[in-house]
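Down below is the structure, laid out as structure tokens.
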Amino acid sequence: MIVARFLGPRVFILVAALLAAAVLVPMSTLWLPASHPLHVPAYLVPLLGKYICYAMLALALDLVWGTVGILSLGHGAFFALGGYAMGMYLMRQIGSRGVYGNPVLPDFMVFLNWKELPWYWTGFDQFWFAALMVLVVPGLLGFVFGFFAFRSRVTGVYLSIITQAMTYALLLAFFRNDMGFGGNNGLTDFKDILGFPIQAATTRAGLFAASCIALAIAVLLVGAITRSKLGKLMIAVRDAESRTRFIGWRPEYVKLFAFTVSAVMAGIAGALYVPQVGIINPGEFAPVNSIEIVVWAAVGGRGTLLGPVIGALLVNFGKSYFTAAAPEFWLFVLGGLFVLVTLFLPKGIVGTLDQGWSALRARRASREAEAGEAVEPVDVEETAPRPAE
């Protein structure tokens, strides 16, 4: 009840639904027989987990776009960096079970005649260190990039282009074999995570539950930020940055905070994504991936907290369907969807529903006010007390 009062019923319902899914889906997969109508097939669990990670990524983008007004076209970079940090840990867990049987070097390094492990791979044999890097690497990049960009007062389309240039530069860098991240093939053929077989049904169910819990925590965090005084300041920076600066605030610091938190959230989403998908390669840095994240948030409704989650789930469910039914037309469907939403649902699905509900309440209040005015006026002479005779 405290959460519902402070963050609103919408956040409470979304968090409750995610926690329920974290329990019910694994139970349905592991305990119900395959003939049961509520049984969730094992192959479907990692697909659902991938969608949950995408929803967390869309929520991370919405924190900077919907609340602060920063349209980032490079959030796929933070997602991929978090994924690579987790992939490096998973590669170190393979050990001597690789194709070449080297207990230290991953297979791609043996194939490329690397003689020793690069220094930046040190420590990734420990889960705690990899988890720390999942937070530090995307967060540090987001902080450094945001510090220089916001300090220089780069805004609007120029900032969007710079963020896309950043992710494209990382794409080109990670494609190189001499970077030590697997080149074009990336990192794959994972075996274990925390000692559990990564292909086991129980492990997949656990990863799905972890993704749902992580998204629930992210929703609570974003809801708490946007409902706080800092959140109101973020909205002020979005709507009137110059006025906010004029009254004494530093908008660049507000933007930097939001951008760094958003980058960390995207990195966590990428780290949960990799063990469920089983691969991470430079393709995750592709600029088109970052543009898709914007589409998810726009379709659902940016700045609504619930909208990016719904948009990510709906668009990716549609993507899975149309890539199987009509793979050659999927990109046209995605582009058409974005155009239709821009023309007819500029506030997204949730934003349009909110607007309609507000209009309905205003109309109802107006009718009630008119009905109150239509009541026969009270005769003042009859009701007024008469003077004593």
Side-chain angles (χ1 to χ4, degrees), residues 14 17-18 21 25 28-29 37-62 65-66 71-77 79-80 83 164 167-168 171 186 188 204 207-208 211-212 215 266 269-270 272-302 304 306-353:
L14 179 57
L18 289 170
V25 171
S28 173
T29 301
L38 298 179
H39 174 75
V40 178
Y43 73 87
L44 194 59
V45 174
L47 182 63
L48 297 176
K50 182 177 75 170
Y51 295 160
I52 294 296
C53 294
Y54 285 157
M56 186 174 177
L57 177 58
L59 183 63
L61 173 68
D62 189 61
W65 187 29
L71 177 56
S72 171
L73 297 180
H75 257 56
F79 180 80
Q164 193 162 67
T167 188
Y168 189 68
L171 168 68
T188 187
R204 291 183 171 185
L207 289 170
F208 172 82
S211 301
C212 289
L215 178 57
L272 291 168
Y273 168 86
V274 167
Q276 298 183 84
V277 175
I279 187 173
I280 178 70
N281 58 37
E284 296 297 337
F285 288 103
V288 66
N289 291 350
S290 296
I291 296 175
E292 278 194 35
I293 304 169
V294 175
V295 174
W296 303 339
V299 169
R302 68 185 182 101
T304 59
L306 181 61
V309 176
I310 292 179
L313 296 178
L314 288 179
V315 173
N316 283 286
F317 271 118
K319 183 177 181 179
S320 297
Y321 174 79
F322 283 107
T323 50
E328 63 276 11
F329 296 111
W330 158 242
L331 291 179
F332 296 100
V333 173
L334 180 64
L337 176 65
F338 190 57
V339 171
L340 290 175
V341 168
T342 303
L343 292 177
F344 301 105
L345 298 175
K347 295 183 180 297
I349 296 173
V350 176
T352 302
L353 291 177

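Small disclaimer: the values here were computed from a predicted structure and weren't measured.
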With K50, which residues qualify under side chain to side chain contact (heavy atoms under 4.5 Å, CB included), at least two apart?
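If we apply the side chain to side chain contact (heavy atoms under 4.5 Å, CB included) test to K50, skipping adjacent residues, the hits are L47, Y54, Y273, V277.
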
Under the side chain to side chain contact (heavy atoms under 4.5 Å, CB included) test, which residues partner I310, sequence neighbours left out?
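Applying side chain to side chain contact (heavy atoms under 4.5 Å, CB included) to I310 gives L306, L314, V350.
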
For the pair [X] (side chain) and [Y] (backbone), establish whether a donor and an acceptor sit closer than 3.5 Å, ignoring hydrogens and angles.
X	Y	answer
S28	V40	yes
S290	G76	yes
T29	A42	no
T167	A286	no

Please report the closest heavy-atom contact between [X] and [Y], naming both atoms and the distance.
X	Y	value
Q276	V45	OE1-O, 4.5 Å
P282	L171	O-CD1, 2.9 Å
A312	A55	CB-CA, 3.6 Å
A266	A60	N-CB, 3.9 Å

With rounding to the nearest 0.5 angstrom, report the [atom1] to [atom2] distance, [X] to [Y].
X	Y	atom1	atom2	result
S211	L272	OG	CG	4.5 Å
D62	L57	CG	CG	11.5 Å
N289	F79	CG	CZ	8.5 Å
W65	L73	CH2	CG	9.0 Å

Before giving the answer on side-chain contact (heavy atoms from CB on, under 4.5 Å), spell out for L313 and V309 the whole-Å C-alpha distance, their side-chain angles and the decisive distance to 0.1 Å.
CA-CA 6 Å; L313 296 178; V309 176; 4.2 Å; yes

So do the side chains of [X] and [Y] get within less than 4.5 Å of each other, counting heavy atoms only?
X	Y	result
L61	S72	yes
I349	V299	yes
I291	Q164	yes

side-chain contact (heavy atoms from CB on, under 4.5 Å) between W296 and N316: does it pass, once the steps are laid out?
CA-CA 9 Å; W296 303 339; N316 283 286; 3.4 Å; yes

Can you sort out the partners of F322 under ring pair (Phe, Tyr, Trp, His ring centres under 6.0 Å), two or more places apart, ordered by chain and number?
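With neighbours one apart ignored, the set is empty.
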
Is the number of heavy atoms from other residues, nucleotides or ligands under 6.0 Å of F317 CZ greater than 12?
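Result for CZ/F317: enclosed.
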
How far apart are the C-alpha atoms of K347 and T304, what are their side-chain angles, what is the distance that settles it, and do they pass the side-chain contact (heavy atoms from CB on, under 4.5 Å) test?
CA-CA 9 Å; K347 295 183 180 297; T304 59; over 6 Å; no

